[in-house]
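Single-structure report; data block below.
Owing to the predicted nature of the structure, the values given are computational and were not obtained by experimental measurement. Lettering follows sequence order; numbering is per chain, from 1. Quick note: numbers below take in every heavy atom, side chains included, and nothing from hydrogens, waters or symmetry partners.
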Amino acid sequence: MPELPEVETIRRTIAPAIVGKEIVRVEVLTPKMLLGASPAEFCQTLRGRRFQTVERRGKYLLFQLEEVNQTQAAKAAANFWLIIHLKMAGRLLLHRTGDPLEKHTHILWGLADGTELRYVDLRHFGRVVLWSGEQVPGLEPGRPAKASAAGEITATPELVSGLERLGPEPLSAAFTLDYLRAGLAGRKGRVKSLLLDQTFIAGLGNIYADEVLHRAGIHPEREARQLQLAEVERLYAAIREILTEAIALRGTTFATYVDGEGRKGEFANRLAVYGRDGQACPRCGTPVVRRRLGGRSAHFCPHCQR
DNA sequence: AAGGGCCCCTGAAAGC
DNA sequence: TGCTTTCAGGGGCCCT
């Protein structure tokens, strides 16, 4: 379940190991993970290019590519991006070329220095898109951008349209108390459902939504528009605090998550409610409750969260 | 607008 | 003990 802190940790561990390095070999072992290009197009386009930047937007990873030894004209003509969403169980791992292949390895990028970036995904839910365009859609943290004109390779809308429609980055200046207040006002849905809505805020998933609501002392089933200003202020602070702390601890390993170096995240030790149903709330000792909400499990303290 | 259900998929855990 | 069923979940999509 990589959410914003896990994806950011992966970005930070992967980036220094691949930026500036040329891709000399690409293998697609599971074609269905690819959108927008055939395996042959995918491999051919990536070979001979170099990772230029690695960015994150919400739970998406965005790899900008540049051609090795290209002229300025060629540079302008073909700007490619690799867009990856890890969904439930996707992992990006750094290996030496020739290391034994882990089960559920789907894509390999062999680099010129003998290292290899691997996409591994037990659930096969994640997707990888090759995107051609001057700019990648939705990159600005504040407002969704319109898609730039695509080149000869057209990405399948599914993944890219999700990227385009993302709401603001919760740790950016674009995510203000006023934005949160205005967004909650008038919404009849439950506050937790809204926190999980990626078009409202980018990057929260089930774990951090539950943790944020616990820190803010707000019941997940509260109607969004009924929150008082003091509660919205607590919610706003909790979102930024929890995400910042989780990034500092390199994310949460609950089941399968590891970063690019194979390391687990340490925020699991800090979880107050998620996965702790029946155990004592760290604040008041009341047993944590788990309840089905919108097809997902919600964990909360019935005493602290009203 | 918002909620429910379905789907993708595998492996762990629970049920029989 | 061993086979079968259930469940977990990000998010797109469809239907009401």
Side-chain angles (χ1 to χ4, degrees), chain A residues 1-10 29-36 56-62 83-92 101-107 119-129 137-138 144 147 155-167 170 182-212 220-227 243 246 251-258 265 268 271 273-278 288 290-299:
Chain A
M1 314 155 227
E3 305 178 26
L4 189 154
E6 291 75 37
V7 179
E8 176 62 20
T9 303
I10 290 169
L29 306 176
T30 312
K32 67 166 288 189
M33 313 300 295
L34 292 185
L35 296 175
R56 180 194 57 74
R57 184 74 173 86
K59 303 175 194 172
Y60 292 75
L61 282 167
L62 314 167
I83 305 172
I84 300 183
H85 197 303
L86 304 167
K87 295 286 180 85
M88 284 285 299
R91 293 183 288 158
L92 280 167
L101 277 194
E102 195 177 333
K103 200 175 177 185
H104 304 301
T105 299
H106 303 303
I107 303 175
Y119 181 69
V120 182
D121 188 346
L122 180 145
R123 292 275 187 282
H124 300 213
F125 281 0
R127 291 293 179 266
V128 177
V129 168
T156 307
E158 179 189 309
L159 199 66
V160 174
S161 65
L163 181 56
E164 283 175 316
R165 299 198 317 260
L166 283 181
L184 291 165
R187 295 290 206 110
K188 287 204 282 187
R190 291 163 173 151
V191 62
K192 182 175 172 187
S193 303
L194 202 52
L195 293 183
L196 290 175
D197 180 351
Q198 301 300 299
T199 68
F200 182 54
I201 306 172
L204 290 176
N206 209 31
I207 296 176
Y208 294 107
D210 280 353
E211 292 300 311
V212 160
E221 291 175 311
R222 284 282 297 285
E223 206 174 298
R225 63 180 180 177
Q226 288 186 338
L227 294 189
L243 291 176
T252 301
T253 295
F254 197 76
T256 58
Y257 166 75
V258 289
L271 294 177
V273 287
Y274 186 85
R276 297 190 68 253
D277 37 313
V288 170
R290 170 180 175 163
R291 185 179 300 170
R292 214 71 197 154
L293 199 164
R296 230 121 260 162
S297 53
H299 310 74

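- For the side-chain contact (heavy atoms from CB on, under 4.5 Å) with A:V288, the qualifying choice from A:V273, A:L271, A:D210 is A:V273, the only one to do so.
- A donor-acceptor pair under 3.5 Å is formed between the side chain of A:R56 and the backbone N or O of A:G58.
- Dashed line: the shortest gap from a side-chain N or O of A:H85 to OP1 or OP2 of C:dG11 is under 4.0 Å.
- Within a heavy-atom distance below 4.0 Å of DNA chain B, the residues of residues 188-197 of chain A found are A:K188, A:G189, A:R190.
- At C:dG11, one or more side-chain N or O atoms of A:Q198 fall inside 4.0 Å of OP1 or OP2 (strictly under the cut-off).
- Between the CG atom of A:L163 and the C1' atom of C:dG10 there is a distance of 15 Å, given to the nearest Å.
- The backbone N or O of A:V120 lies less than 3.5 Å from no partner atom in the side chain of A:E102, so there is not a single donor-acceptor pair.
- The backbone N or O of A:D121 sits less than 3.5 Å from a side-chain atom of A:H106, completing a donor-acceptor pair.
- As a whole-Å value, the separation of A:I84 CD1 from C:dG11 P is 15 Å.
- Neither OP1 nor OP2 of C:dG11 sits under 4.0 Å from any side-chain N or O of A:Y60.
- To the nearest 0.5 Å, atom CG of residue A:L4 and atom OH of residue A:Y208 are 9.0 Å apart.
- Whole-Å rounding puts the A:L204 CG to C:dG10 P distance at 11 Å.
- Using a 4.5 Å heavy-atom threshold, the side chains of A:L35 and A:I83 count as separate.
- The distance between atom CD1 of A:I201 and atom C1' of C:dG10, rounded to the nearest whole Å, is 16 Å.
- Distance CZ (A:R225) to C1' (B:dA2): 12 Å, rounded to an integer number of Å.
- One can place CZ of A:R165 at 10 Å from C1' of C:dC13, the figure rounded to the nearest angstrom.
- Remark: side-chain polar atoms of A:Q198 are paired, donor with acceptor, to backbone N or O of A:G203 under 3.5 angstrom.
- Remark: side-chain polar atoms of A:D277 are not paired, donor with acceptor, to backbone N or O of A:H299 under 3.5 angstrom.
- Atom CE in A:M88 sits roughly 12 Å away from atom C1' in B:dG11 (whole-Å rounding).
- Between A:L166 atom CG and C:dG12 atom C1' the separation is 13 Å, expressed in whole Å.
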Legend entry - Nucleotide-resolved protein contact map, nucleotides 5-10 of chain B, B/S/- at heavy-atom distance under 4.0 Å: ---BBB

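- Of the inter-residue distances, the one linking A:R290 atom CZ with A:R276 atom CZ reads 13.5 Å to the nearest 0.5 angstrom.
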